[in-house]
Amino acid sequence: MFKTLSSMETWRRNMYVLWFGVFMSGIGFSSVMPFLPLYVDTLGNFSRGQLTFYSGLVFSITFLVTALVSPMWGRLADRRGRRLMLLRASLGMAVVFFLMGLVTNVWQLMFLRALQGFFGGFISNANAMVATQTPKEKSGYALGTLVTGVTAGQLLGPFIGGAIASVVSYRVSFFVTGSLLFASFLLVLFFVKEEFTPVAKGASPKLREVFKMVSSSQLTIGLFITTMIIQAVNTSISPIVALFVRELTNNSSNSTFLAGIVAAMPGIATMIAAPRFGVIGDRIGTHRMIFIGFLFAFAVFVPTTFVTSVTMLAILRFLVGISDATMLPAVQTLLTKTTPHEITSRVFAYNQSFQSIGAVLGPLLGTAVASAFDYRWIFLFSALLIALNAILFWFNTKAIRNGSINYQ
């Protein structure tokens, strides 16, 4: 296998190695989700209210820190190279996960979860490297392939983490995940090559200049918002999926198993479809692919409001994954094709910040809507967000449609 990797074109070898890396990162972020509250419970004698509070804080602090520090790592990547950032992220997260298995109180765990967010950025830098090192006509395909790695890791992570924790212990699952992330570090160290020309210190745009460049581009801001809304919509059902499935099955004994299937459907669909849609986007125009995704997602979320069985819900959630596959790689590709080379990593880092914000806002919005109305209203509210985003995106891509911006 290693000999085969060495003989590949540089961009293709990087894509495959980084696919494994983002797959491991996806597992790292999601593997602890099934038992995180239970692990917190072993670290002290908490009341039910305290356990809920600490579990929520331990969960969300990673995404909050990621949102704050991603721009800093993006700036460093533009000056020092993405490979260095990949090594920093994979090694840092490997060490953090090992230490999580050794904590003795909830504050230590909270601190390490914050460090996990601090050392994050593997996925955004992998996207930036693949985007800048891949031939332009192949960028949609390459980024679409990379999305499948992230999705597969996030999909399999809860199963892997839950299985290890149930068979051995919670702590061992952290050690296993840390070992896998260290394997990613070694693969990047020995197999990823970067043709990188550092941006001279004087020529590198300062934070104020980058902010001005980004904020003056309606298209870039629109893509950031699209990333945030996609993530928020995808995670809005997370807090109530098991409860909604239980309601649809009239408290069936296998409702937990069925909820797991429903939760997995979008990820499975995205894994299957993302590379294919990336190729189509390269042919017909990336902005068109995103707009098709909006229309398809709206057409799926509205009928989901009226489902009467778990089978219907699972099918429609699978179709949500299809809509994600049209949009997620396309957003990354369009950012690549319309962003100045010297700030590519920073733009991808800002995009990750918006994605992290969406990961925090989604469950909060879903819980608020379900509490105020009903579980079903979450899907209708999601459809409304998608419709508003589609309108905004239509206006933001006016320059592409009239030919003022040509990214092909």
Side-chain angles (χ1 to χ4, degrees), residues 25-26 29-30 32-34 36-37 52 55-68 70 113 116-117 120 123-124 147 150-151 153-155 157-158 222-245 259-260 262-267 269-270 293-294 297-298 300-302 304-305 313 316-328 331 350-390 392-393:
S25 293
F29 274 94
S30 64
V32 299
M33 292 305 105
L36 190 61
T52 301
S55 297
L57 196 57
V58 166
F59 171 81
S60 61
I61 195 169
T62 300
F63 298 102
L64 292 173
V65 173
T66 298
L68 292 173
S70 287
R113 286 282 293 174
Q116 181 184 344
I123 294 172
S124 64
V147 165
V150 181
T151 305
Q154 292 174 343
L155 177 66
L223 290 171
F224 289 166
I225 293 173
T226 296
T227 296
M228 182 179 69
I229 290 180
I230 292 172
Q231 188 70 9
V233 166
N234 283 342
T235 57
S236 63
I237 191 180
S238 298
I240 59 91
V241 61
L243 300 175
F244 188 43
V245 168
V262 169
M265 285 294 106
T270 301
F294 283 137
F298 183 83
V300 170
F301 272 104
V302 172
T304 306
T305 310
L313 179 62
L316 289 168
R317 293 300 292 172
F318 184 88
L319 295 178
V320 166
I322 298 293
S323 71
D324 287 345
T326 65
M327 293 186 285
L328 291 173
V331 168
Y350 293 145
N351 194 56
Q352 182 175 7
S353 293
F354 276 84
Q355 186 174 17
S356 297
I357 293 169
V360 174
L361 291 179
L364 294 176
L365 290 172
T367 302
V369 172
S371 300
F373 302 101
D374 184 72
Y375 299 145
R376 298 174 182 275
W377 279 80
I378 295 176
F379 305 109
L380 203 57
F381 186 76
S382 296
L384 177 61
L385 283 178
I386 290 166
L388 292 174
N389 197 6
L392 177 65
F393 187 78

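- Here the CH2-CG distance, from W377 to L384, works out to 10.5 Å after rounding to the nearest 0.5 Å.
- Here the straight-line distance linking atom OG1 of T227 with atom CD of Q231 works out to 9.0 Å at 0.5 Å rounding.
- Applying the ring pair (Phe, Tyr, Trp, His ring centres under 6.0 Å) rule to F379 yields the partners F244; only residues at least two apart in sequence or on another chain are considered.
- Residues that satisfy the side-chain contact (heavy atoms from CB on, under 4.5 Å) test with A232, not counting sequence neighbours, are absent from this structure.
- Of the possible donor and acceptor atoms, none in the side chain of R113 sits under 3.5 Å from a partner among the backbone N and O of I61.
- The distance from the CG atom of N234 to the CZ atom of R317 is 7.0 Å, given to the nearest 0.5 Å.
- Contact record, M228 with L361: SD-CD1, 4.4 Å, taken as the closest heavy-atom pair.
- Atom CG of L385 sits about 11.0 Å away from atom CZ of F294, to the nearest 0.5 Å.
- Contacts of T66 classified as side chain to side chain donor-acceptor pair (under 3.5 Å), with partners at least two apart in sequence or in another chain: none.
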>> Does F301 form a side-chain contact (heavy atoms from CB on, under 4.5 Å) with V233? I'd like the steps, not just the answer.
In response: CA-CA 10 Å; F301 272 104; V233 166; 3.1 Å; yes
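- Note that CG of L365 is 10.5 Å distant from CD1 of I229, once rounded to the nearest 0.5 Å.
- Taking each heavy atom of T305 and L380 in turn, the nearest pair found is OG1-N, 3.5 Å.
- In terms of heavy atoms, I230 sits closest to M327 at CD1-CB, 3.7 Å.
- Between S236 and I378, the closest heavy-atom pair is OG-CG2, 3.6 Å.
- Residues I386 and A297 share a closest heavy-atom pair of CD1-CB, 3.7 Å.
- Atoms CG and CD1, from L223 and I225 in turn, are 9.5 Å apart once rounded to the nearest 0.5 Å.
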